Structure formats: structure tokens, C-alpha cells
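The structure under discussion appears below in the form of C-alpha cells.
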Amino acid sequence: MQHRQPDAWIKCVQEGVKPIAMMMQPSKNWELGRAVAEQMELNYLNPSALAKEFSPQLSKAFEPITENWTEAGLLLPFSERYELTVAGQFWQGRMTQHILNHIKNTNL
């Protein structure tokens with residue numbers, strides 16, 4: 001994050017210093033979270049592809065979620081992946097956040 005105060009930012013730039021006010025390490029599973037969000041933004045979820053890339057446990061971890069969302073009419077099974085229905089596309093943001101919270105809480 002850069003300095004929010006213009007004077008502090010200008011002072012850093014004039015001194016040849018990067019105007020960084022704060023830096024943090026990314027969370028443990030940030031790459032997995034990004035991959036999930038990327039898939040969901042493209043209106044699909046492929047747990048088997050995520051499992052191959054990140055952790056074999058992912059397929060089992062996503063089973064209750066994908067089963068529930070399929071029954072609710074938010075996902076349609078399509079080969080190895082799930083396509084978001086129109087309703088799923090509407091709720092995509094909340095669904096993505098739910099998956100990310102699930103990943104965080106199950107310590108994958």
C-alpha cells in the first residue's frame with residue numbers, strides 16, 4: 001500500500017524512495033484462491049483440475065459444496081467440471097467467497 005498522505009508520498013518520491021506505507025505477505029493459499037476466483041469468473045468450477053495443480057484433497061473438500069449447489073440449481077455437471085447456471089452466475093461472487101472461506105477453514 002502506498003502512502004495515503006500526499007505530503008509523505010511526495011517526500012518519498014523526491015528522496016528517491018518507493019512510497020510504500022505498508023506491505024504484507026499473501027495468505028497461505030492465495031494462489032489457490034486466485035485460481036478458484038478465476039474459474040468462477042469464467043462461469044465454471046473444475047475441482048479435479050485444481051486438485052491436480054494444488055492438492056489431491058481438493059476434490060473431496062469441494063464435494064459437499066458442489067453437490068449442494070447442483071441440487072440448488074446453481075451448477076450443472078459438465079464432464080469433469082461444473083458450469084454455472086444463470087442463477088449461479090448471479091450468485092457467483094458470494095459462491096466464490098464461500099469457497100475461499102471453506103478453503104481457509106479446512107486448512108488445505
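Because the structure is predicted, anything quoted here is derived from the model rather than measured.
- Leu84 and Gln89 make their closest contact through O-NE2, 3.6 Å (heavy atoms, listed as atom of the first residue, atom of the second, distance).
- Remark: Gln92 CD to Leu45 CG distance equals 11.0 Å, nearest 0.5 Å.
- Every pair passing side chain to side chain donor-acceptor pair (under 3.5 Å) that includes a residue from residues 66-80 is listed here, sequence neighbours excluded: Ser48-Glu80.
- Applying the under-4.5 Å side-chain rule to Ile, Leu, Val, Met, Phe, Trp and Tyr, the cluster around Tyr44 extends to Leu42.
- In this structure, the separation between CD on Glu53 and CD on Glu31 is 8.0 Å, given to the nearest 0.5 Å.
- Contact record, Pro19 with Val13: CG-CG2, 4.3 Å, taken as the closest heavy-atom pair.
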Check against side chain to side chain contact (heavy atoms under 4.5 Å, CB included), Gln39 and Asn46: CA-CA 7 Å; Gln39 287 186 4; Asn46 191 338; 3.8 Å; yes
Steps toward side chain to side chain contact (heavy atoms under 4.5 Å, CB included) verdict (Ile103, Phe62): CA-CA 9 Å; Ile103 291 168; Phe62 284 172; 4.1 Å; yes
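- Closest non-hydrogen pair, Ala35 versus Phe54, comes out as CB-CE1, 3.7 Å.
- The two atoms that bring Leu100 and Gly33 nearest to each other are CD2-CA, 3.4 Å, heavy atoms only.
- In terms of heavy-atom proximity, Gly73 sits nearest to Ala87 at O-CB, 4.1 Å.
- For the pairing with Asn101, the side-chain hydrogen bond (donor to acceptor under 3.5 Å, both in side chains) check across Gln97, His98, Lys104 returns one residue only, Gln97.
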Check against side chain to side chain contact (heavy atoms under 4.5 Å, CB included), Trp91 and Leu74: CA-CA 8 Å; Trp91 292 107; Leu74 301 172; 4.0 Å; yes
Derivation of the side chain to side chain contact (heavy atoms under 4.5 Å, CB included) call for Ile65 and His102: CA-CA 9 Å; Ile65 295 171; His102 182 70; 3.5 Å; yes
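- For the pair Thr96 (side chain) and Met40 (backbone), a donor-acceptor distance under 3.5 Å is absent.
- Rounding to the nearest 0.5 Å places CZ of Arg81 at 9.5 Å from CG of Asn43.
- Residues Ser27 and Trp30 form a side-chain contact, since some pair of their non-hydrogen atoms from C-beta on lies under 4.5 Å apart.
- Leu50 and Leu32 make their closest contact through CD2-CD1, 4.3 Å (heavy atoms, listed as atom of the first residue, atom of the second, distance).
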